[in-house]
Amino acid sequence: MSERLRTSLGPLTLANPFVNASGTYGYGVEYASFVDVARLGGVSVKGISLLPRPGNSPPRTCETSAGMLNSIGLANIGIDVFLAETLPQLRELGVTVIVNTFATSIEDFVELAARFDNETGIAALELNISCPNVHAGGMHFGVSGAAAAEVTGAVRAVTDLPLMVKLSPEAGDIGEVARGVESAGADMISMINTIRGMVIDVDRRRPMLGQKMGGMSGPAIKPLGVRMVYEVFQQVSIPIIGMGGIASLRDALEYLMAGATAVQVGTANYSEPGISLRLADELEAWCSERDLTVTDLVGCAQGD
Amino acid sequence: MSERLRTSLGPLTLANPFVNASGTYGYGVEYASFVDVARLGGVSVKGISLLPRPGNSPPRTCETSAGMLNSIGLANIGIDVFLAETLPQLRELGVTVIVNTFATSIEDFVELAARFDNETGIAALELNISCPNVHAGGMHFGVSGAAAAEVTGAVRAVTDLPLMVKLSPEAGDIGEVARGVESAGADMISMINTIRGMVIDVDRRRPMLGQKMGGMSGPAIKPLGVRMVYEVFQQVSIPIIGMGGIASLRDALEYLMAGATAVQVGTANYSEPGISLRLADELEAWCSERDLTVTDLVGCAQGD
Amino acid sequence: MKYLHTRITEVTYPARDHALLRFAAAAEDIPAVPGEFVMIRGDWGCHPVLPRAFSLVESGAHGAVLVKAIGPGTQLLESMKVDDELVVFGALGKGYRIDDSGLRPVLVAGGVGVAPLLFLARELAARGQRPLFLYGAGTEHDLPLADEIAEVAELIITTEDGSVGEQGLITAPLQRALQDGADSIVYTCGPNGMLKAVAGVSQSHNTPCQVALEAPMACGMGTCKGCAVPIPDGSFKYVCYDGPVFDAEVIYGAADE
Amino acid sequence: MKYLHTRITEVTYPARDHALLRFAAAAEDIPAVPGEFVMIRGDWGCHPVLPRAFSLVESGAHGAVLVKAIGPGTQLLESMKVDDELVVFGALGKGYRIDDSGLRPVLVAGGVGVAPLLFLARELAARGQRPLFLYGAGTEHDLPLADEIAEVAELIITTEDGSVGEQGLITAPLQRALQDGADSIVYTCGPNGMLKAVAGVSQSHNTPCQVALEAPMACGMGTCKGCAVPIPDGSFKYVCYDGPVFDAEVIYGAADE
Ligand SMILES: Cc1cc2nc3c(=O)[nH]c(=O)nc-3n(C[C@H](O)[C@H](O)[C@H](O)COP(=O)(O)OP(=O)(O)OC[C@H]3O[C@@H](n4cnc5c(N)ncnc54)[C@H](O)[C@@H]3O)c2cc1C
Ligand SMILES: Cc1cc2nc3c(=O)[nH]c(=O)nc-3n(C[C@H](O)[C@H](O)[C@H](O)COP(=O)(O)OP(=O)(O)OC[C@H]3O[C@@H](n4cnc5c(N)ncnc54)[C@H](O)[C@@H]3O)c2cc1C
Ligand SMILES: Cc1cc2nc3c(=O)[nH]c(=O)nc-3n(C[C@H](O)[C@H](O)[C@H](O)COP(=O)(O)O)c2cc1C
Ligand SMILES: Cc1cc2nc3c(=O)[nH]c(=O)nc-3n(C[C@H](O)[C@H](O)[C@H](O)COP(=O)(O)O)c2cc1C
Ligand code: FES
Ligand code: FES
C-alpha cells in the first residue's frame, strides 16, 4: 500500500485508514493464519475489562433488516490474560493494536489505562464509554458531555498513549459529547457504537435475545453514522474514526467524505474476514485513478 | 373485520389497529379510488401547519439499506385549505381521520389545535413535536420531557379531541419524554418518528439530499422502534401507537407484543398502497386461528 | 390507476444492460398515453424499499417497460425472468399532449428516454404520421429499440464516439431539422442536460417543446411530495403528477431574448 | 481454515424445501471430519448480513451442504443455481471424535441433522463398519438423503405421522437398540429437544453420546462470543469452537441417578 493511503490522526499514524472494529475481530490473532493482519490499518481488540467476563445469557445475536443485534455482554478474557498472552502475540505479528477498554466506574477506567500505559506495542487506547456508570445511577457515560469529559480527563491524566474515545449514537446531543471529550484531552474520536434495538420472536411472544435488547450494527445504521460524523466534524478539531455499516468501498468513502480520517469495519468482517484489506486495495485504486490521497477526501462533502 | 381487531386507545376506538402514517398517505383521499379507505383503522394525514409550505429544495428522498431518507420539509396545503376542501371529502368517505399537525412555537400549536377542535369528523389530533422550537434556540420540542410537556399541556388546554403526541427517537431519554407528555394530559403516544441520517453521493462528493440530512424510515429502523415501544410501555399507562418499518404481519405483531395498542404503517405504503388492509386481514386470520383478540396481544412479550 | 400483482410474460434484451419486460395487465387493460409511467417492484424483501418508476413502452392487454440496469433496483429488475412476480402500479402522471393541429412531430430521445418516445412514435404512426426521430447515445451499445423505431419513424442516430450514425450530440440534427422551415413540435425525453439543451434549441426556433423529466420518487402519485423540481418562479412542480411531461417553458422559463 | 470465493457446481433437491449444494473447493481440498461446518453466504447485498452455518455432508475436492429453507438466508441458498457465486469459510469447529475401540456406532438424526451423520456414516463405512442409523422426521417429505444412508448403514426410519417407517419418535428404536446389550456409542444431531432426549436415553444405558449443537452464529470461529450455550456449572461453551460436537455430559451434566 502506498503513501496515498497513509492517514494521520494526531499522535497516531496508520498505514491505511481501515481498522477492524472492536468486538468483531476477536483479538486479531485468530485471523493471522489467513489474513495478513499486519497490513491492516489496525485492529481494535475486543473490549477489555479488569476482570474476565463470561457474557450474557443466550441467544446473543439475531438478524434485523440489513443489520444485526448483539447482546454479547462484553465477554472478554480480562486485562491480565490479555497482557500476558495476547499482546505479545500481537507484537510478534506486527499488528497495529488499538486497545478497546471499558469499565463501569471512573476508577476502573483509570486503573485499566494506567496498566496499558506501561506496555509496549499498543498504538492507541480506545475508551468504550457506552457502559452504565454504576456510580451514577446506571446512566451510561456516553450520553452526556459532562460524564464523558470526566472519564476522559481522568484517563488522560494517567496515560500518554494516543487516546481515542468511542461515542454512542444514543447521546441526545452527540456534538456536545464530542466537544466534552475533546476539551478533556481526547486525541481522537471513534464513532458510532451500536444503538439498542429489539426483535420479538412472535411465535414465542418474547424478545429474541436473552437480554431482550441488543446493539444494532450493520448497513442499516450507516446513514446514522455518516450523519453523526458529518455533524461532529463541524464541532471538534480532533480527528474522527468513522464506523457503522461499512461493507463496501462506497461506504468507506461516505465516511471519509463526511469527515472521518479513518474508518472501522465491524459486522462486515463476519461475512468476509479479509474485507478491510480488500477495501484498502480498492481505495488505493480509486484514489490513484483520481490522483487523490486519503487526506484529500477527509470532510470533502462538507462544502456547499 | 371482526370484533377481534377492535382496539381501544382511551378516548379513541379503532375498528382495527392499522393506521396509515403521516406523510406517507397524503390526505388519504388520493387513494379512495382503489383502496377502501373507510375500512382502514385510520389515516394520519400529512402534517398540517398554519400556513401552506412548499417544502425543501430537492432531491428530497433517497434510499438506504432497507430504508429511506426523506427531507420533504413538511410540505403541506395549510390548515385553511385542509378544513375547507380536504376534511369534507374525508368525512364524505367515512375515513377515521387523525390530524397530524406541527408548528415551531407553542402559540402556533395552540392556534392549530383550537381551530381543529371546532371541526367535526376528526377522530384524534396527533402532535408532531419533532420540529425545532424557534423560540427556544431551535432545539426540537421532542428531545426533552419538559419541552414536550409544555407544548402538550398548552394544546390540552384548548382541545377536547383525543390527543396523541408523536415522539422522536432522537430524544436522549425517550421514557422521560413519554412521561412528560402523559403528565401534561396526552391521551396516547405515537412513536417513532424518523431518525436523521445522511447519504453521501461519492461521485459528486456532496450529500445526496438537497437538505443534506433526512429522516430515516423503513425496515432498517424497526428494531429501534420496537425497543422504544417496549421501554415506554413500562413507563406510562396511556396507550401507544407503534411504528417504524412495519411491512409485514410479523412486524405489526412485534409492535403489538412490545406494548403497542395500535400501529402505523408508513414507508411500506409506497410499494403497496393497500398494505394496511391486507395486514388487517392477515391479523384477523392469525388471531382467529389462535382465538386471540388484538387486546390479548398488547404487551404480551413484556413478561418476565 | 391500478395496483396489479402480476407476472412477467416476456423478457428480451434489446441492448447491453437493458431488458424489455412485458407483463400481463389486468382483465381490463392499463390505459395509458405515451409519457405516462408505472411504479414497479419485485418480490425483493426489505431492500430496496421503494418501487421504481418506468415509462410505459406500450400499454393495453400487456404492459411493457424498458429497464436500464444502473443501481440496485434496476439490476434486480434487469435480472428477472419470465413468470417472476411483479407489482405494477399505474398508469401514473401526465403524458405527452399530442398535437393535432398538423405540426411536424420531432421526437428527441437520449438513452432510456427512448421508452416513452417509441410509444409516442407508434401512436403517431397509428394516426398516419411518420415522425422524425432523433436518437442520441454515447456509443453503439446504448441504442436499444432502434430497429423498432425505424419501422414507424424516420430515424437519425448520433453517438458521441461516432460508432454508429453521426458523431456528436443530438442537438446537431435537431438544429438542422428545425432550420428547414417546417412548423414542428418537439417531444423529448432523456438526461437532464440533454433536455435543457433540446428545450433551448426548440425555443430559439420558436418551436413548442414538451420535456419528460425524471426525479427520485417514492409514491408516484402526488402524496409524498418527494419528486419536487424547482421552477423559475421559485415554486415547485411535482414530476409524478404535474408531469412527468411538461411544456419546456414551465421548467426552463420563457425565452428571454 | 479457508476462505473461498467459489461457485456452485451442482444442485439437487433431495426433499421438499431441501437443496444439496455442491461447490468447488480450492486447489487443495477443504479437509474436514464429520461434524465440522462451514459458514456460507451468497452475493446477497445488504440482507441478511451474516453468513449461515452448515454442516459438511462431504469434503475434499468438492464440498457439499444440505440446506433446509426455513428463513431468509436458507431460502436464498435453497434457490441458488449452478454457477452462482458462493463464499465459503471453513472447515470450522470440532467434529465427531470417532471411536476406534470397537464400540458399535449408533447414529441418530433428526431433520437436517442428517447432514453430518451421513458424512460420518460414509466415513465409518470406509473404515469397514456398517453403523445403525436411526432417522426421525415429522413426515415422509422430511427425510432427505435416506437412500444414500441406506447404502452405507442399517437404516431405521420413524415419522411422527407414521407416513413412512415406524410411527413415533426416534427414541423408541434407540431404546431397543441400546437394550440389546451390544456396547455402543451414540452420535447424534438434530433439534435441541431431540438431542436432549437422545442424550438421556444414552445416559440411562451408560452409553457414550456425542451431540452436535446449533446456535445462532456470527463469526463461526470463536471471536464474536455469540454462540454461547450455558452448561451445568453456570459457565458457557461456544458452539463454534468448543463444538459443535460435544460429549453429552458436558452440555447436560452427568447422570444424577
Ligand atoms: C417518470 C420516470 C420514468 C422513468 N422511466 C424509465 C425507463 O423507462 N427506463 C429506465 O431504465 N429508467 C427509467 N427511469 C429511471 C429509473 O426510475 C431509475 O433508473 C431507477 O429508479 C434507478 O433505481 P436503482 O435502484 O437501479 O438505482 P438507485 O439506487 O436509485 O441509484 C441511481 C443512481 O445513483 C447511484 N448511486 C446510488 N447510491 C449512490 C451513492 N451512495 N453515491 C453515489 N451514487 C449512488 C447509482 O449508482 C445509480 O447510478 C424513470 C424515472 C422516472 C422518474
Ligand atoms: C453448526 C451448525 C450446523 C448447521 N448445519 C445445518 C445444515 O447442515 N443444514 C441446515 O439446513 N441448517 C443447518 N444449520 C442451521 C442453519 O444455520 C439455520 O437454519 C440458518 O442459519 C437459518 O437461517 P435463515 O436466514 O434461513 O433463518 P433465520 O432468519 O436465521 O431464522 C431462523 C428461524 O427463525 C424464524 N424467525 C425469523 N425472524 C423471526 C421473528 N421475528 N419472530 C419469530 N421467528 C423468527 C424463522 O422463521 C426461522 O424459522 C446449522 C447450524 C449450526 C450452528
Ligand atoms: C458482536 C459485536 C460485539 C461488539 N463488541 C464491542 C466491544 O467490545 N467494544 C466496543 O467498543 N464496540 C463493540 N461493538 C461495536 C462495534 O465495534 C461497532 O461500533 C459497531 O458494530 C458498528 O459498526 P458495524 O456496523 O461496522 O458493525 C461490537 C459489535 C458487535 C457486532
Ligand atoms: C416521506 C415521508 C414524510 C413524512 N412526513 C411526516 C409528517 O408530515 N409528520 C409526521 O409526524 N411524520 C412524518 N413522517 C414520519 C412517518 O409518519 C413515520 O413516523 C416514519 O416514517 C416511520 O414509519 P415507517 O418506517 O413505517 O415509514 C414522514 C415519513 C416519510 C417517509
Ligand atoms: S413521487 Fe411522491 S409526490 Fe411525486
Ligand atoms: S459464532 Fe462467534 S464465537 Fe461462536
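Lettering of chains follows the sequences in order, A, B, ..., and the numbering in each one begins at 1.
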Ring centre gap for D:F89 and A:Y270 strictly below 6.0 Å: no
Contacting region of D:A218 [heavy-atom separation from chain A under 4.5 Å]: both
A:C62 side chain near D:P216 side chain, heavy-atom distance below 4.5 Å: no
Portion of A:A247 that has a non-hydrogen atom of chain D nearer than 4.5 angstrom: neither
Separation of D:H5 NE2 from A:E272 CD (nearest 0.5 Å): 4.5 Å
Residue A:T64 versus chain D: region with a heavy atom under 4.5 Å: backbone
Audit row: A:T61, D:M217, side chain to side chain contact (heavy atoms under 4.5 Å, CB included) steps and yes/no: CA-CA 7 Å; A:T61 64; D:M217 290 185 177; over 6 Å; no
Reported OG-to-OH distance for the pair A:S271 and D:Y3, which is rounded to 0.5 angstrom: 6.5 Å
Distance, nearest 0.5 Å, that separates CD of A:E63 from CZ of D:R52: 4.0 Å
Nearest atoms (heavy-atom pairs only) where D:F236 meets A:S57: CZ-CA, 4.2 Å
For residues 220-228 of chain D, which side-chain N or O atoms pair as donor and acceptor with protein atoms under 3.5 Å away, sequence neighbours left out?
unit_1	atom_1	unit_2	atom_2	d
D:T223	OG1	A:Y31	OH	2.7
D:K225	NZ	D:G222	O	3.1
D:K225	NZ	D:Y241	OH	3.1

Which portion of A:Y27 sits near chain D, non-hydrogen atoms under 4.5 angstrom: neither
Partners passing salt bridge (charged side-chain N to carboxylate O under 4.0 Å, His left out) against D:E214 (at least two apart in sequence or in another chain): none
Interface residue of largest heavy-atom contact number with chain D, from A:G218, A:P59, A:G67, under 4.5 Å: A:G67
Portion of A:N76 that has a non-hydrogen atom of chain D nearer than 4.5 angstrom: neither
